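Written out below as structure tokens is the structure these notes cover.
Please read these numbers as outputs of a predicted model, since none were measured by experiment.
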Amino acid sequence: SGGRNTSPFPSNGQQTPAPIFLSGKVVMADGSPIPAGIAIQRICQGTPHTVAYADGKGDFSFQWGDTLGVTPDASESGVGSTPGTGPIGMSANTIGGSTVSNMTSTAGNVGGPGLGNQIGACDLRASVPGFTSTTVNLFMHRAMDNPDVGRIVLHRNTAVPGTSISATTLAAPKDARKAFDKGVVALHKGKREEAEKQLEKAVSIYPRYADAWVQLGQLRMQQNADGPAREAFAKAMQADAKLVPPYLELGLLAAREQNWRDSADYLDKALNLDPIDFPQAWYVDAVANFNLKKLGPAEKSVREAMKQDPQHHNPRADYLLGLILIEKRDYSGAATELKTYLAMMPPDQNRNEVQKQLEQIEKLAPPPASKAAAAKP
């Protein structure tokens with residue numbers, strides 16, 4: 001045929017690997033109903049990446065490596081705490097004549113949509129704040145194997161008083177729950193109009209449907225309808241005072257508006273309910289308290305944010321701690337934090353500005369004691 005390559009395989013002679021399909025089911029350890037939209041993540045070399053979402057019955061399925069159009073979950077690096085959240089700005093702060101502004105909490109997204117690792121080096125888990133998940137090891141899984149990986153079990157974390165799944169869901173009528181599930185599925189598929197229609201139907205049938213109010217609020221935030229979003233989050237809090245997401249969302253929204261007092265108030269409540277599962281909230285709470293000149297709470301929150309981020313996905317926490325220590329006149333400690341930040345600094349940031357700040361505070365730091373001075377009684 002004129003030398004044309006008619007082989008179904010690539011010209012290098014290597015056969016295209018057969019696609020691998022996986023499916024399974026998420027269940028609650030206590031037997032309670034599972035809400036739609038729980039993220040299913042692959043964990044490869046410790047890095048999570050969302051590959052699918054479970055439906056209202058807990059069922060999920062996906063093709064390995066095909067995550068096009070899958071919304072990242074909050075627990076992934078560089079992702080806000082919940083859908084609709086974005087970078088948090090920091091108001092200007094003057095140090096020795098130089099100005100620091102537009103400090104954000106974004107970080108590079110680690111573990112992108114590519115395979116990154118072979119399937120045998122990865123596990124599967126469900127991701128829900130306030131719950132721990134069993135994992136499914138994929139070490140021996142091959143393309144022609146049974147795609148069913150079995151059950152993933154969620155156990156409620158009893159160490160925290162708050163929850164990310166409302167107890168009011170248990171009392172939701174069948175029609176309200178059906179509309180809620182449809183709304184969440186439509187939301188993850190990017191069908192916002194259908195999602196809004198179904199979620200509004202759910203809360204009209206069952207006005208105390210706190211989880212539905214949260215999803216509706218997040219959807220309205222995506223549409224830049226901040227006022228209606230606030231109303232939805234308020235309804236969620238009225239229905240379930242222990243539900244963490246509405247406090248979190250309102251705190252992040254207030255921070256974007258640089259309403260630091262409201263931001264700190266809402267985030268303090270969220271972190272009192274769940275101090276474990278929302279590390280980004282600690283960082284934003286620190287930003288809010290820093291701008292309120294509450295240096296003690298700001299330092300406590302930023303150190304907790306750093307403690308919960310051992311891989312330093314958000315190096316700006318070191319920078320913020322440096323600014324707090326400058327205000328507390330701990331110049332040696334501030335210099336250490338700025339040096340750490342410079343070592344991890346994102347390439348698009350103004351390195352010269354931070355370097356100048358470091359030089360200024362190093363002049364203010366007390367010189368190290370000499371050996372002779374140390375030897376004196």
Side-chain angles (χ1 to χ4, degrees), residues 24-43 48 50-60 73-76 79-83 123-137 149-174 176-177 180-181 183-185 188 202 206 208-215 217-218 233 235-251 266-282 304 307-308:
K25 189 177 188 67
V26 181
V27 298
M28 296 291 190
D30 61 3
S32 60
I34 184 170
I38 288 180
I40 307 301
Q41 294 183 329
R42 68 161 192 250
I43 312 296
T50 301
V51 293
Y53 287 90
D55 63 18
K57 297 180 180 179
D59 297 321
F60 65 88
D73 180 63
S75 61
E76 296 179 38
V79 179
S81 62
T82 43
D123 298 327
L124 289 182
R125 74 176 182 193
S127 176
V128 188
F131 291 79
T132 57
S133 168
T134 59
T135 59
V136 175
N137 186 277
V149 299
R151 300 196 312 170
I152 296 176
V153 183
L154 287 172
H155 297 263
R156 185 179 296 276
N157 183 357
T158 57
V160 299
T163 182
S164 62
I165 299 176
S166 176
T168 64
T169 296
L170 296 174
K174 182 178 179 180
R177 187 175 177 85
F180 172 72
D181 291 348
V184 173
V185 171
H188 287 305
Y206 180 42
R208 292 187 56 80
Y209 207 151
D211 288 330
W213 281 117
V214 169
Q215 293 288 343
Q218 291 170 347
F233 293 136
K235 292 283 188 180
M237 289 188 293
Q238 291 170 9
D240 188 348
K242 290 188 176 182
L243 189 62
V244 180
Y247 298 104
L248 189 65
E249 292 286 8
L250 288 169
Y266 283 123
L267 292 177
D268 285 346
K269 291 176 182 176
L271 293 168
N272 285 333
L273 288 170
D274 188 345
I276 298 173
D277 295 295
F278 300 96
Q280 187 204 32
W282 283 111
E304 187 63 34
K307 178 182 176 181
Q308 295 193 25

Closer than 3.5 angstrom, by distance alone: can the side chain of [X] be matched with the main-chain N or O of [Y] as a donor-acceptor pair?
X: Arg208; Y: Ala239; result: yes
X: Ser164; Y: Pro129; result: yes
X: Trp213; Y: Met237; result: no
X: Gln308; Y: Pro275; result: yes
X: Tyr206; Y: Thr168; result: yes
X: Ser133; Y: Arg125; result: no

Please report the shortest heavy-atom distance between [X] and [Y], naming the atom on each side.
X: Val160; Y: Leu273; value: CB-O, 3.6 Å
X: Gly217; Y: Phe233; value: C-CZ, 3.5 Å
X: Ala176; Y: Ala202; value: O-CB, 3.5 Å
X: Ile34; Y: Gly58; value: CG2-N, 3.7 Å

- Check whether the side chains of Thr135 and Asp123 place a donor and an acceptor atom closer than 3.5 Å, and report yes or no.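 Checked: Thr135/Asp123 side chains show no N/O donor-acceptor pair below 3.5 Å.
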
- Just by distance, with hydrogens left out, do Thr169 and Asp211 show a side-chain donor and acceptor under 3.5 Å apart?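 Yes, Asp211 and Thr169 have a side-chain donor paired with an acceptor closer than 3.5 Å.
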
Straight-line distance of [X] [atom1] to [Y] [atom2], nearest 0.5 Å:
X: Asp274; Y: Thr163; atom1: CG; atom2: OG1; answer: 8.5 Å
X: Tyr53; Y: Ile40; atom1: OH; atom2: CD1; answer: 10.0 Å
X: Phe131; Y: Asp277; atom1: CZ; atom2: CG; answer: 9.5 Å
X: Phe60; Y: Leu124; atom1: CZ; atom2: CG; answer: 6.0 Å
X: Asp55; Y: Ile38; atom1: CG; atom2: CD1; answer: 10.5 Å
X: Glu249; Y: Leu267; atom1: CD; atom2: CG; answer: 10.5 Å

Just so I know, are the side chains of [X] and [Y] near enough to count as touching, which here means a heavy-atom distance under 4.5 Å?
X: Thr50; Y: Ser127; answer: no
X: Met28; Y: Pro35; answer: yes
X: Lys57; Y: Asp181; answer: no
X: Val184; Y: His188; answer: yes
X: Arg177; Y: Tyr209; answer: yes

- Task: Please say whether more than 12 non-hydrogen atoms of neighbouring residues, nucleotides or ligands are located less than 6.0 Å from NZ in Lys25.
- Result: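 Count over threshold, so yes.
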
